[in-house]
Visitor: 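Just dropping this structure here.
Every chain is numbered from 1 and lettered A, B, ... according to where its sequence line falls, protein lines coming before strand lines. Atoms considered below: every heavy atom in the structure, side chains included; atoms not considered: hydrogens, waters and symmetry mates.
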Amino acid sequence: MKLYVPHDTTAVAAGANRVADALRKLPGAEIVRTGSRGAFFLEPLVEVDTPAGRAAYANVQPKQAATLLKKKPTPIAQIPFLAQQTRFTFANAGITDPLDVKAYGFSALDKARGMGPQKLIDEVKTAQLRGRGGAAFPAGIKWQTTKDVQSPVKYVVANADEGDPGTYSDRMIMEGDPFRLIEGMAICARAVGAKKGYVYIRSEYPAAIRRMRAAAVRALEAGMLGPESFELEIFIGAGAYICGEETALLESLEGKRGMVRPKPPFPAIEGLYGKPTVVNNVVTFATVPDIILRGGAWHASMGTEKSKGTMPLQLAGCIKQAGLVEVPFGLTLEEAIYAFGGGLPKGSRFKAVQVGGPLGSVFPEALLKTRICFDEFIKAGGILGHGGIVVFDQRTDMRVLARHYMEFTADESCGKCTPCRVGSTRAKEILDAAVKGEATDEDYALLNELGDTMKSTSLCALGGLAPEPVRTIMQYFGKEFQKRR
Amino acid sequence: MPPLAQVLERCATTPPNILATLQKVQATLGYVPHTAVPEIAHALGVTDSDVAGVLSFYHDLRTEPPGKHTIRFCLGESCLAAGAEKSLAAIEKKLGCELGETTKDKRFTLEKVYCLGNCALSPCAMIGEDVHGRVLPKTLADLLKEYKK
Ligand SMILES: Cc1cc2nc3c(=O)[nH]c(=O)nc-3n(C[C@H](O)[C@H](O)[C@H](O)COP(=O)(O)O)c2cc1C
Ligand code: FES
């Protein structure tokens with residue numbers, strides 16, 4: 001009998017390896033290690049096949065293994081957190097063995113091999129696919145730019161730096177369905193005329209690195225990659241948030257300091273080693289196979305007016321049901337936190353939510369009706385970014401949180417431009433004083449000014465957007481900064 | 001051949017990749033001693049300052065030998081929301097060292113990290129390559145015991 005046990009980092013942190021070991025002792029048990037479905041509050045989630053589809057045992061402990069199968073499992077379709085989702089990009093995560101080439105199939109790449117490069121790009125354009133890494137730029141336009149440049153050498157690079165705290169969707173794809181990323185990149189390579197690609201993975205993801213390396217080998221053996229078609233290399237980062245910014249990433253990939261390059265020229269025209277390079281986020285690439293299989297119009301039929309398709313939201317922080325939620329764009333922040341996340345744990349009351357990582361914003365309860373799509377977030381004074389949603393409860397000292405953001409920026413600034421490097425350090429000092437209740441009105445005026453300078457004169461969006469969380473905290477929770485010693 | 005020379009032999013690519021080379025050196029020696037910079041630069045055909053520049057840029061690269069186990073404690077927003085600061089204070093107290101330091105017995109080096117992608121189980125820490133969740137003051141002692149040797 002097949003028993004499916006996730007091998008995902010979070011599932012393992014919840015004890016999945018020990019559970020797998022215990023279940024292996026059952027007579028006739030065949031353990032299949034999968035990725036995770038992302039319902040992390042239920043991990044370790046052990047699944048079995050039933051005539052009506054997969055069914056699961058939640059929060060399994062090793063000591064329950066011996067008698068587990070005597071109990072009745074819950075059909076997956078009856079787990080509301082999962083049943084309410086629209087899974088496409090994450091359709092396989094938690095279901096299949098991530099390294100089973102046959103189960104994956106590569107049918108989109110097969111189809112793509114029968115389509116001309118321009119046709120592939122046209123599908124992505126019709127799909128209105130926008131980048132999921134943060135900037136939400138239309139992928140089709142980027143691909144077209146690279147395709148149209150005459151150059152014997154071009155590159156395709158997957159941005160797997162996933163630096164925004166509170167996000168893990170790239171990690172889940174790499175650990176749970178790595179072939180989907182490889183397939184998306186191979187399709188892109190075919191579309192733009194590239195023969196070589198890289199996945200730049202942050203070093204904080206050792207399991208994802210191992211899985212991607214193994215997947216690349218298997219894809220090569222299966223003829224899905226190869227020196228004639230598309231070669232793929234895995235490159236490991238070295239702990240630098242700025243290397244998620246595409247030009248810093250390319251510098252890093254060349255082995256240099258991760259310093260931001262001025263744009264233009266854009267990487268699509270002059271990227272890695274000065275050659276035309278498509279840089280896309282992991283989830284962006286992973287969305288491509290379905291677009292090729294089902295057609296761009298299918299993708300464009302989901303979502304809101306300008307945000308098409310589905311978005312993997314990642315619930316984190318002070319929330320009952322933390323996990324990955326793939327849904328069409330358009331639900332409200334409130335629905336994400338309460339209908340999917342189950343609200344806050346006992347003893348916690350909602351205070352604030354961060355969306356879009358440390359370059360996003362911190363919203364109060366009054367903004368929970370904001371609809372989740374790129375444009376509504378901009379209108380509300382934030383960004384959706386990579387889809388991380390981190391909830392804070394009443395115990396959060398907003399001054400400490402504000403200081404954290406500036407400490408983060410000071411730690412992670414590449415140092416190339418002064419506004420970001422010096423501005424973040426000065427701002428952090430002011431917020432240090434604020435935490436102690438020693439900041440004056442003049443200090444806060446200076447903080448504001450520093451923020452404005454960073455925003456308007458920084459070389460990249462790190463300095464440009466880093467003041468945003470602090471600005472929104474001051475705007476919505478300004479009262480807390482009036483507390484003086 | 002000494003270990004450093006062996007690593008460098010494998011790294012002489014065109015064009016040279018300084019970061020990948022330093023990562024390999026660190027994987028072999030545990031750190032990248034300042035004194036190795038000229039040899040690395042020579043092997044790659046770049047300047048000493050090119051190598052030193054990359055070495056100082058990345059948080060992962062270290063120029064001092066670390067303790068036996070490196071604890072990378074998460075101070076990302078999800079972990080902060082779940083009380084990471086209390087857990088960190090408890091770890092610092094238990095180890096008798098602060099962020100960026102190594103314990104006297106050289107068992108542990110304590111560092112911060114911003115997110116391990118394990119946010120659903122915040123607060124989190126990575127010890128070696130193992131990611132742990134729900135790292136709370138009351139569960140710390142048991143966790144560290146696993147890494148005593
Ligand atoms: C400071 C900074 C950090 C970034 N970090 C990431 C990251 O970790 N992952 C990512 O995909 N994009 C990140 N980006 C966005 C990239 O620069 C780039 O827009 C993206 O990789 C393009 O892919 P996409 O269009 O598919 O989103 C970051 C941008 C900035 C300014
Ligand atoms: S914020 Fe700590 S693991 Fe993500």
Visitor: Looking at Ala238(A), Gly239(A), Ala316(A), Ala13(A), which one has more heavy-atom pairs under 4.5 Å with chain B than the rest?
Guide: Ala238(A)
Visitor: Contact part of Glu162(A) toward chain B, heavy-atom cut-off under 4.5 Å: side chain, backbone, both or neither?
Guide: neither
Visitor: Just so I know, are the side chains of Tyr200(A) and Ile236(A) near enough to count as touching, which here means a heavy-atom distance under 4.5 Å?
Guide: no
Visitor: For Ala14(A), is it the side chain, the backbone, both, or neither that has a heavy atom closer than 4.5 Å to a heavy atom of chain B?
Guide: both
Visitor: Checking Glu111(B) side chain against Arg72(B) main chain: does a donor-acceptor pair fall under 3.5 Å?
Guide: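 Checking the backbone N and O of Arg72(B) against the side chain of Glu111(B), no donor-acceptor pair under 3.5 Å is found.
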Visitor: Report yes or no: does Glu254(A) contribute a side-chain atom to a donor-acceptor pair with the main-chain N or O of Glu251(A) at less than 3.5 Å?
Guide: no
Visitor: Counting heavy-atom pairs under 4.5 Å to chain A, which of Ala82(B), Gly76(B), Gly53(B) comes out on top?
Guide: Gly53(B)
Visitor: Test your reading of the model: is there a side-chain donor-acceptor pair from Asp170(A) to the backbone of Ala160(A), 3.5 Å cut-off?
Guide: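 Flag not set: sc Asp170(A) to bb Ala160(A) has no pair under 3.5 Å.
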Visitor: Can you tell which part of Gln23(B) gets under 4.5 Å to a heavy atom of chain A, answering side chain, backbone, both or neither?
Guide: side chain
Visitor: At a heavy-atom separation under 4.5 Å, does Tyr241(A) approach chain B through its side chain, its backbone, both, or neither?
Guide: neither
Visitor: Identify the two heavy atoms, one from Ser348(A) and one from Arg395(A), that lie closest to each other, and give their separation to 0.1 Å.
Guide: OG-NH2, 3.0 Å
Visitor: Could you look at Val113(B) and say if it's the side chain, the backbone, both or neither that has a heavy atom under 4.5 Å from chain A?
Guide: side chain
Visitor: Please classify the contact between Gln26(B) and chain A as side chain, backbone, both or neither, with a heavy-atom cut-off of under 4.5 Å.
Guide: neither
Visitor: Quick check on Thr396(A) against chain B: is it the side chain, the backbone, both or neither that has a heavy atom closer than 4.5 Å?
Guide: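 Nothing of Thr396(A), per the 4.5 Å heavy-atom cut-off to chain B.
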Visitor: Against chain B, label Leu324(A) side chain, backbone, both or neither, depending on which of its atoms sit under 4.5 Å from a heavy atom there.
Guide: neither
Visitor: Do side-chain atoms of Asp8(A) reach the backbone of Ala11(A) as a donor and acceptor pair under 3.5 angstrom?
Guide: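 Checked: pair present.
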Visitor: Can you tell which part of Cys414(A) gets under 4.5 Å to a heavy atom of chain B, answering side chain, backbone, both or neither?
Guide: both
Visitor: Where does Val391(A) contact chain B at under 4.5 Å (heavy atoms): side chain, backbone, both or neither?
Guide: backbone
Visitor: Could you check if a side-chain atom of Lys112(B) sits within less than 4.5 angstrom of a side-chain atom of Ile71(B), using non-hydrogen atoms only?
Guide: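 Of all side-chain heavy-atom pairs linking Ile71(B) with Lys112(B), none is under 4.5 Å.
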Visitor: Are Pro165(A) and Val390(A) packed together at the side-chain level, in the sense that at least one heavy-atom pair is separated by less than 4.5 angstrom?
Guide: no
Visitor: Which atoms of Phe41(A) come close to chain B, meaning under 4.5 Å heavy atom to heavy atom: side chain ones, backbone ones, both, or neither?
Guide: neither
Visitor: Under 4.5 Å from any heavy atom of chain B, what part of Ser252(A) do you find: side chain, backbone, both or neither?
Guide: both
Visitor: Okay, side chain of Glu9(B), backbone of Leu4(B): is any donor-acceptor separation there less than 3.5 Å?
Guide: no
Visitor: Could you tell me which portion of Ser56(B) (side chain, backbone, both or neither) has an atom closer than 4.5 angstrom to a non-hydrogen atom of chain A?
Guide: side chain
Visitor: Any side-chain heavy atom of Val37(B) sitting closer than 4.5 Å to one from Glu39(B)?
Guide: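 Not touching, per the 4.5 Å side-chain cut-off.
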Visitor: With a 4.5 angstrom heavy-atom cut-off, could you sort out which part of Gln321(A) is near chain B: side chain, backbone, both or neither?
Guide: neither
Visitor: Could you tell me whether a side-chain N or O of Asp142(B) sits under 3.5 Å from a main-chain N or O of Thr139(B), the two making a donor and an acceptor?
Guide: no
Visitor: Identify which of Lys351(A), Glu407(A), Gln314(A), Met172(A) forms the greatest number of heavy-atom pairs closer than 4.5 Å to chain B.
Guide: Glu407(A)
Visitor: Any side-chain donor-acceptor pair under 3.5 Å between Ser413(A) and Ser424(A)?
Guide: no
Visitor: Against chain A, label Leu55(B) side chain, backbone, both or neither, depending on which of its atoms sit under 4.5 Å from a heavy atom there.
Guide: neither
Visitor: If you count heavy-atom pairs under 4.5 Å between each of Cys124(B), Ser122(B), Cys74(B), Ser78(B) and chain A, which one has the most?
Guide: Ser78(B)
Visitor: Quick one: what part of Pro345(A) sits under 4.5 Å from any heavy atom of chain B, side chain, backbone, both or neither?
Guide: neither
Visitor: Please determine, among Arg171(A), His404(A), Glu43(A), the option with the most heavy-atom pairs under 4.5 Å with chain B.
Guide: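 Option with the top pair count is His404(A).
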Visitor: What part of Pro15(B) gets within 4.5 angstrom of chain A, counting heavy atoms only: side chain, backbone, both, or neither?
Guide: side chain
Visitor: Looking at Gly163(A), is its backbone amide N or carbonyl O close enough to the side chain of Thr167(A) to form a donor-acceptor pair, meaning the two atoms are under 3.5 Å apart?
Guide: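 The answer is no, because no donor-acceptor pair under 3.5 Å joins these two groups.
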Visitor: Quick check: does any side chain N or O of Lys416(A) sit under 3.5 Å from a backbone N or O of Val260(A), one acting as donor and the other as acceptor?
Guide: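 Yes, because the side chain of Lys416(A) sits within donor-acceptor range (under 3.5 Å) of the backbone of Val260(A).
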Visitor: Which region of Arg202(A), side chain (C-beta onward) or backbone (N, CA, C, O), has a non-hydrogen atom less than 4.5 Å from a non-hydrogen atom of chain B, or is it both or neither?
Guide: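 Just the side chain, heavy atoms under 4.5 Å.
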Visitor: Relative to chain B, which of Gly317(A), Pro358(A), Ala322(A) shows the most heavy atom pairs under 4.5 Å?
Guide: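 Winner by heavy-atom pair count: Gly317(A).
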